[in-house]
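Each remark here refers to the structure printed beneath this line.
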2 protein chains.
Amino acid sequence: MNARKTVNLKTLSETLGLSQTTVSRALNGFPEVAEKTRARVIEAAQRLNYRPSPSAASLATGKSRLIGHVVSLSEHIMINPHFADFIAGAGETYAQAGYDILLRLAPLEEQVRIYSNLAQDQRVDGVVVHGPQTSDSRIGILNSLGLPFVVHGRCDEEGSDYSWMDVNNRRAFHRAAKFLLDLGHRRIALVNGLEAMNFAHRRRQGYEIALEEAGIAVDPALLHSEDMVEPYGYRATREMMDLDDPPTAVLVASVLPALGVTRALSDLGLRPGDDVSIIAFDDCLSFLQSGYRGGGREIPYFTAMRSSIREAGKRVAQMLLDRIENPDAPLESELWEADFVIGQTTAPPRRR
Amino acid sequence: MNARKTVNLKTLSETLGLSQTTVSRALNGFPEVAEKTRARVIEAAQRLNYRPSPSAASLATGKSRLIGHVVSLSEHIMINPHFADFIAGAGETYAQAGYDILLRLAPLEEQVRIYSNLAQDQRVDGVVVHGPQTSDSRIGILNSLGLPFVVHGRCDEEGSDYSWMDVNNRRAFHRAAKFLLDLGHRRIALVNGLEAMNFAHRRRQGYEIALEEAGIAVDPALLHSEDMVEPYGYRATREMMDLDDPPTAVLVASVLPALGVTRALSDLGLRPGDDVSIIAFDDCLSFLQSGYRGGGREIPYFTAMRSSIREAGKRVAQMLLDRIENPDAPLESELWEADFVIGQTTAPPRRR
DNA sequence: GCAAAAATCCAAAGCGCTTTGAAAGGCTAC
DNA sequence: GTAGCCTTTCAAAGCGCTTTGGATTTTTGC
C-alpha cells in the first residue's frame with residue numbers, strides 16, 4: 001500500500017524511533033545492540049521490505065560484493081565451453097554467500113589493464129584468473145594491486161606467490177600414456193590443448209615422460225596443439241591416419257575434440273577401441289556427460305582421466321571468498337588428482 | 001610517484017583550479033563547458049589517471065552500468081551450453097558500450113523475486129530474460145517493476161507487451177519436416193527440447209503442421225522432449241530404433257543431442273544419411289562448428305536449420321542497451337529466419 | 001554604449017549507507 | 001547515595017559522485 005517510495009535507512013529508523021546507527025548495526029549483526037532492539041529492527045525491516053542500497057553500501061565500505069571473472073574469447077571467437085561449467089560451480093558458491101559475478105569479455109592482452117581498473121575502481125572484491133599461461137603477467141600485477149585473487153590452474157613463474165587450485169595434469173597424462181603403453185601401444189598421439197596454456201604444457205610433459213620411460217621417441221607428427229573444439233579433433237585425426245605409420249592410440253585433451261576424433265574414425269570405417277584407442281580428459285562437461293551421476297552402473301563411453309570442472313569452480317570460488325574475508329591468511333593451493341576410468345575406447349593395438 | 005592515494009574528483013578539480021561541477025561536466029560531455037576547458041580537464045584526468053568511482057556514480061545517478069543475466073541451472077544442474085555462446089555475443093556488445101554483465105545463478109521459481117530485488121536495489125540497469133516459458137510470470141513482473149528488459153525468445157502470454165528477439169522456430173521446423181517429407185520420409189521423429197520452453201513448443205507446432213499437411217498422423221512414440229544434451233539424443237535414438245516401425249528420419253533440436261543421435265546410429269552400425277536422415281537445429285555453437293566460417297567451401301556435416309545464437313546475443317544486448325538509453329521508445333521485436341543448409345545427413349529413405 | 005542573451009562556472013545539497021566519538025541510561029559496589 | 005562501569009543509543013562526518021539553482025563573465029543586438 002504505502003510502498004510508493006522505497007524505504008531507506010532514514011525512514012526505517014524514523015519509523016522505529018531509533019537512530020540510523022543503531023538500525024544499521026542491528027541489521028549488520030554488531031554486538032553492541034540489545035537483542036530485543038535487534039529483533040524489533042529486523043521485524044520492521046522485513047515488514048517494510050527494507051533492503052540496503054548496494055551502491056551506497058559499496059561507497060561507504062569499499063566492498064561491492066561482486067567477483068570479477070574476466071574471460072577472453074579464444075581463437076574461435078568463442079567462450080570456452082569448459083568455462084560455462086566452471087562458472088556454474090562457482091556461481092553456486094557465490095550465490096550462497098550473497099555475491100554476484102561480474103563478467104567481462106576481453107582479450108588476454110587487455111586483462112592486465114582491466115584488472116588494474118577493476119582494482120582502482122573497487123568494482124569487484126576479488127577475481128578469478130582463468131587460463132593461466134606458463135608465464136603469466138596477470139599474476140604479478142594482481143599481487144601488486146592487492147586485489148584478492150585465486151588462479152584456476154597454475155603458472156610456472158618463479159617468485160610471486162599466489163593462491164591456486166589445479167588438477168595434476170602431468171600425472172594424469174603420464175598415467176594415461178602409461179596405460180596405453182602397457183596395453184602394447186607404441187604409436188600414441190597427443191591431441192593437446194593450446195600449449196601456451198600451462199595446463200596443456202604440463203599434460204605434454206606427462207605424456208613425454210611416459211614415452212621416454214618406455215624408451216620411445218616422441219614423434220612430432222603425432223603432436224597437435226590447438227583450441228579444444230570438435231573439428232580440431234576431427235582434422236588432427238584425419239591427418240594422422242593418413243600417415244605411413246598412423247597412431248594406434250590417441251590421448252585427447254578434452255571430450256570435445258575427442259568427439260571429433262571418433263567422428264573421423266567413423267568416417268574412416270574404424271571403431272574406437274577396436275581399431276584405435278582413445279583416452280580423453282573428461283572435465284565432466286554437463287552437456288556431454290553420460291552415466292556419471294546416474295549411479296555408475298553404465299560403462300562410460302570414453303576411457304578417461306576425469307575431474308569435474310564444475311567442482312573446481314565451486315572450490316576456487318570458496319577459496320576466493322575465504323581470501324576476501326581474510327586477506328592476511330596464508331596463501332592456499334590445492335592439487336587435485338584426476339580419476340582414471342576405463343571405458344569402451346581402449347584395447348590392445350590391433351595386430352598388423 | 002604521487003599515486004599514493006587514488007585521485008578523486010575533489011583532488012582533480014583542486015589541481016585544475018576548477019569546481020567539481022565543471023570537471024564532472026567536462027568529463028561527461030555536457031555542452032555548457034568551454035571546449036578549451038574540457039580539453040584541459042581531460043588531459044589532466046588522463047595524466048593523473050583519474051577514474052570516477054562506479055559506486056559513487058551509481059549512488060548519485062541510480063545507474064549501475066551492469067546488465068543482469070539471471071540464469072537457471074537446468075535439469076542436469078548445468079548451465080545450458082547454448083548460453084555460453086549467447087553471452088559471448090552479448091558480452092561483446094556490452095563491452096563496447098562500457099557495460100558489464102552481472103551474472104546470477106538461480107532456479108526459475110526464484111527469478112521473479114530476484115528481479116524485484118535487483119530492480120529495487122538498482123543493482124542493474126536492465127536484464128535479459130532467458131528461456132521464456134510458454135506462459136512466463138517473469139514478463140509481467142518486469143513490466144510492473146519498470147526495469148528495462150528484452151526477452152530472448154517469446155512467450156505466448158496475451159496482454160503484456162514487451163521487447164523480444166526470436167528465431168522463427170515454427171517455420172524452421174515446418175520447413176525441415178517438409179524437406180524430409182519431400183524426400184519421401186514418412187516416419188519422422190522429433191527429438192525436441194523441453195516443451196515447457198516456448199521455443200520447443202513452437203518447434204513442435206511446425207513439425208506437427210507439416211505432418212498434418214502431408215496427411216500423416218503424429219506418432220507419440222516418435223516424440224521426445226528433454227534437455228538438449230548429448231546423451232539424450234543417444235538414448236532417444238536407441239529407444240526409437242528398437243520400435244517395430246522405427247523412424248527413417250530424425251529432427252533434432254540442437255547439434256548437441258544430434259551428436260548423441262549419430263553416436264547411437266553408429267553403435268547400431270547405421271550411417272547418418274544413408275540409413276537414417278538427421279536434421280538438426282544448429283545454433284552455430286562455436287565449439288562444434290565446422291566449416292561454417294571457413295569460406296563455405298566444405299559441405300557441412302549436418303543438414304541443419306541454422307541461426308547463430310551468438311549473433312542473437314549481440315542483437316538482444318543492443319536492443320536492451322537501446323531500451324535503457326531510451327526507455328520511452330516504442331517496444332521493439334525481431335523475428336529471425338533460420339537458414340536451411342543441406343549437409344551429409346539427409347537422403348531419401350532406404351527402400352525396405 | 002548598454003541591456004539582454006548566451007556562455008561558463010560554482011557552492012552546496014543530495015544519493016543512502018557505515019562508522020567514529022561521545023552521550024545517556026542502567027547496573028553494581030561500597 | 002554516588003562513583004564507576006557496562007550497555008545501549010545517537011549525532012554527525014564521511015564515501016565520491018551528480019545536479020540544482022544561481023552567480024559571474026562574455027557575447028550579441030541595436
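All values below come from the heavy atoms of this structure, side chains included, with hydrogens, waters and symmetry mates left out. Every value quoted in this text rests on a predicted model; they were computed, and no experiment measured them.
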Hey, mind stepping through B/Ile101 and B/Leu66 against side-chain contact (heavy atoms from CB on, under 4.5 Å) and telling me if it holds?
CA-CA 6 Å; B/Ile101 295 167; B/Leu66 243 30; over 6 Å; no
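Atom pair A/Gln120:CD and D/dG16:C1' shows a separation of 13 Å (rounding to whole Å applied). For the pair A/Arg38 CZ and D/dT9 C1', the computed distance is 13 Å after rounding to whole Å. A/Lys10 has its NZ atom 13 Å from the P atom of D/dA12, to the nearest Å. The NZ-P distance, from B/Lys36 to D/dT26, rounds to 12 Å in whole Å. Summarising the geometry, the separation between CZ on B/Phe30 and P on C/dA7 is reported as 17 Å, rounded to the nearest angstrom. D/dT18 atom P lies 11 Å from atom CZ of B/Arg65, rounded to whole Å. For B/Lys63 and C/dC15, the NZ to C1' distance is 14 Å, given to the nearest whole Å. At whole-Å resolution of the value, CD in B/Glu32 and P in D/dT19 are 11 Å apart.
Which of C/dC9, D/dG16, C/dT19 sits closest to the side chain of A/Leu59 comes down to D/dG16.
Side-chain contact check for A/Asn117 versus B/Arg51: some heavy-atom pair is nearer than 4.5 Å.
Not one N or O on the side chain of B/Asp121 forms a donor-acceptor pair closer than 3.5 Å with the backbone of B/Arg123. Judged by distance alone, the side chain of A/Asn326 and the main-chain N or O of A/Asp322 form no donor-acceptor pair under 3.5 Å.
Mapping B/Asn28 and A/Ser19 onto DNA chain D via the closest heavy atom, the residue that lands nearer the 5' end is A/Ser19. Projected onto DNA chain C by closest heavy-atom contact, B/Ala60 and B/Thr37 fall at different nucleotides, the more 5' of which corresponds to B/Thr37.
The stretch residues 20-27 of chain B touches DNA chain D through B/Gln20, B/Thr21, B/Ser24, B/Arg25, each having a heavy atom within less than 4.0 Å of the strand.
Checked by atom type, the side-chain pair B/Thr22/B/Ser19 shows a donor-acceptor distance below 3.5 Å. One side chain, A/Asp125 or A/Ser64, offers a donor N or O that lies under 3.5 Å from an acceptor on the other.
Checked against a 6.0 Å centroid threshold, the rings of B/His152 and B/Phe199 do not count as neighbours.
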